[in-house]
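See structure below.
Only a predicted model underlies this, so the values are computations on that prediction, with no experimental measurement involved. Just so you know, residue 1 is the first one in the sequence shown, and it goes up from there. Side chains included, hydrogens not; waters and symmetry mates left out as well; all remaining heavy atoms used.
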Amino acid sequence: MIKKLFRKIRDAILGLGEIPANTREFGLRIAMIRYRRKLGLISVERYVDAISIQMEKELREVTERYKQDQVARFEKKHDFGDKIPVFMCWFQGKDAMPEWCRACYENLLRIAPPNTEVVLLTYENYQSFVDIPKVVTKKYQEGKMCAANYSDMVRYMLLATYGGCWIDAAVYLNDGVFQTAFTHELYTPRFYREGHPLEDASRGRWVGGVWFSKTNHILFSYVTESLMELWSKHDRALEYLACDYIIWTAYSNLSTVRQQLDAIPVNNEHFRLLNACFEQAYTEQLLEEIFSKQQIHLVDRHKEYKKQKDGQQTVYGYLVSKQIKS
């Protein structure tokens, strides 16, 4: 109880320090909405609605261009030939990947079909594929843009340029997921159903860390141009998960985007099921049951997981040992 109180006091103090900068960038109303949400004083629904409205205002000019079919095209710097690129990113390189992310990467190499090419993006190679605008890179180098937001810029510019797939580094995929995904023009986990509670900006219609597309797509071009627009005007993100609000703006205003996202069937509704079972004792039957329900598994990589529990190997321990050979 006392720890919880101290956390609230700490959040209140830290949040106050952010109000002036947020006010300069987005106005007092948004600054106060963000502060009140940080303290839990307004509901998720009110917060998501307010940020969604603000994002739509910020992107009005980009949206109007896309309504007139003025879709940006980006120059390819790399020739994948007839291969579909599959991108994963760990800027510090493979050897610096946390254990679970390394397991996901090794698994991806194992299951990716022959018509794909897996690319691990690092600080050393990402500029061989895309040219990030100098204004964006400068703000990242100055510390105005966090690594996750910079990775968003890289992600959507890559997808806008080459199409293909993006798999977040902590995502574990089943065999056969590519065959399922490539029967659709656009594919991502979708768990929206009528009456689905409003929990975040995606509203259950996509997961931004997992995209499958055989070709470049108008949605990815829209997100890329929107990020360029936002970072040319601002020195901080409107919201940490800004891309979900950008996609929602596209979904709300561009019929092509709406139709293609709505065409994705409900899939992988329980994408955190594997994570929830990580510290259970591993059995082949348990893992088969999980994999029969889900093909795409999102994991919180910031937590620590036991490889052994009560003298038995855990699900986490089995998967890591299976993928990372000593």
Side-chain angles (χ1 to χ4, degrees), residues 1 3-64 66-67 144-146 148-149 152 156 168 188-210 219 222-223 226-227 229-231 233-255 257-258 261-262 264 266 269-272 298 300 302:
M1 185 71 177
K3 285 184 178 179
K4 190 174 180 180
L5 177 61
F6 275 120
R7 278 199 300 270
K8 279 189 171 291
I9 293 171
R10 181 200 62 192
D11 289 346
I13 294 170
L14 292 175
L16 281 171
E18 294 178 357
I19 290 175
N22 284 329
T23 300
R24 284 195 301 273
E25 297 289 339
F26 308 109
L28 181 60
R29 178 175 172 274
I30 291 298
M32 292 309 299
I33 285 171
R34 290 187 58 172
Y35 179 63
R36 293 178 67 200
R37 180 60 201 151
K38 191 180 186 78
L39 300 184
L41 299 177
I42 62 171
S43 66
V44 174
E45 292 85 353
R46 283 187 62 193
Y47 178 78
V48 171
D49 282 344
I51 300 298
S52 297
I53 291 168
Q54 181 67 23
M55 186 64 81
E56 191 159 346
K57 291 177 182 176
E58 296 277 348
L59 300 179
R60 191 168 289 143
E61 291 184 10
V62 177
T63 302
E64 286 305 312
Y66 275 71
K67 283 181 177 179
K144 296 173 181 176
M145 185 182 198
C146 70
N149 290 153
D152 287 341
Y156 286 103
D168 269 1
T188 181
R190 176 183 170 93
F191 45 94
Y192 171 80
R193 295 185 187 275
E194 194 68 36
H196 184 85
L198 179 57
E199 297 173 344
D200 56 48
S202 76
R203 296 156 172 88
R205 289 175 168 87
W206 64 83
V207 171
V210 183
L219 172 62
Y222 179 88
V223 176
S226 296
L227 287 169
E229 172 79 5
L230 290 168
W231 285 107
K233 295 191 299 185
H234 298 295
D235 287 339
R236 57 173 41 210
L238 173 60
E239 219 278 347
Y240 179 74
L241 298 175
C243 288
D244 280 341
Y245 290 90
I246 294 171
I247 296 169
W248 178 253
T249 303
Y251 180 86
S252 302
N253 290 277
L254 304 175
S255 59
V257 171
R258 177 185 286 267
L261 282 172
D262 284 347
I264 301 169
V266 170
E269 292 179 85
H270 309 291
F271 53 77
R272 297 199 185 276
L298 276 67
D300 184 350
H302 299 289

Practice prompt. Evaluate the side-chain proximity of Tyr192 to Val266: yes if any heavy-atom separation is below 4.5 Å, no if none is.
Written response: no
Practice prompt. Classify the ring geometry between Tyr245 and Tyr47 as parallel (under 30°), tilted (30 to 60°) or perpendicular (over 60°).
Written response: perpendicular
Worksheet item: What's the shortest heavy-atom distance between Trp231 and Ala237, and which atoms?
Response: CH2-N, 3.5 Å
Worksheet item: Side chains of Leu298 and Val207: does their closest heavy-atom pair fall under 4.5 Å?
Response: yes
Worksheet item: Can you name the salt bridge (charged side-chain N to carboxylate O under 4.0 Å, His left out) partners of Asp235, sequence neighbours left out?
Response: Lys139, Lys144
Worksheet item: Mind checking whether Leu59 and Tyr222 have side chains closer than 4.5 Å, heavy atoms only?
Response: yes
Discussion item. I'd like to know if the side chain of Arg34 and the backbone of Leu238 have a donor-acceptor N/O pair within less than 3.5 Å.
Written reply: yes
Worksheet, complete the sentence: Nearest heavy-atom contact between Tyr156 and Cys243 is CE1-SG, 3.7 Å
Discussion item. Just so I know, are the side chains of Asn253 and Arg258 near enough to count as touching, which here means a heavy-atom distance under 4.5 Å?
Written reply: no
Worksheet item: side-chain contact (heavy atoms from CB on, under 4.5 Å) between Glu61 and Glu64: does it pass, once the steps are laid out?
Response: CA-CA 5 Å; Glu61 291 184 10; Glu64 286 305 312; 5.8 Å; no
Item to complete: Flag the pair Leu261 / Arg205 as yes when at least one side-chain heavy-atom distance between them is below 4.5 Å, and no otherwise.
Response: no
Worksheet item: Any side-chain heavy-atom pair from Glu18 and Lys38 closer than 4.5 angstrom?
Response: yes
Discussion item. With a sphere of 6.0 Å drawn around CZ of Arg46, does it hold more than 12 non-hydrogen atoms of other residues, nucleotides or ligands?
Written reply: no
Worksheet item: Are any of the side-chain heavy atoms of Leu41 and Tyr35 separated by less than 4.5 Å?
Response: no
Fill in: Pair listing, salt bridge (Lys or Arg N to Asp or Glu O under 4.0 Å) test, anchored in residues 49-60, at least two apart
Asp49-Arg203, Glu58-Lys233
Worksheet entry | Glu45: partners by salt bridge (charged side-chain N to carboxylate O under 4.0 Å, His left out), with sequence neighbours left out | none
Fill in: Closest non-hydrogen atom pair between Ile246 and Val223, with its separation
CG2-CA, 3.8 Å
Discussion item. Test of understanding: with side chain to side chain contact (heavy atoms under 4.5 Å, CB included), list the residues that count as partners of Ser252, not counting sequence neighbours.
Written reply: Trp248
Fill in: Inter-residue atom distance Asp200.CG - Glu239.CD, 0.5 Å rounding
9.5 Å
Worksheet, complete the sentence: Sequence neighbours excluded, the answer for salt bridge (charged side-chain N to carboxylate O under 4.0 Å, His left out) partners of Arg190 is Asp262
Discussion item. For a quick test of reading the model, state the closest non-hydrogen atom pair linking Ile30 to Ala50 and the distance between them.
Written reply: CD1-O, 4.2 Å
Discussion item. Testing the basics here: between Ile19 and Met32, what is the closest heavy-atom pair and its distance to 0.1 Å?
Written reply: CD1-SD, 3.9 Å
Discussion item. If you compare all heavy atoms of Thr63 against all heavy atoms of Leu254, which two are closest, and at what distance to 0.1 Å?
Written reply: O-CD2, 4.2 Å
Fill in: ring pair (Phe, Tyr, Trp, His ring centres under 6.0 Å) involving His234 - partner list, sequence neighbours excluded
Phe26
Discussion item. Looking at Asn149 and Tyr240, would you say the former's side chain and the latter's main chain have a donor-acceptor pair under 3.5 Å?
Written reply: yes
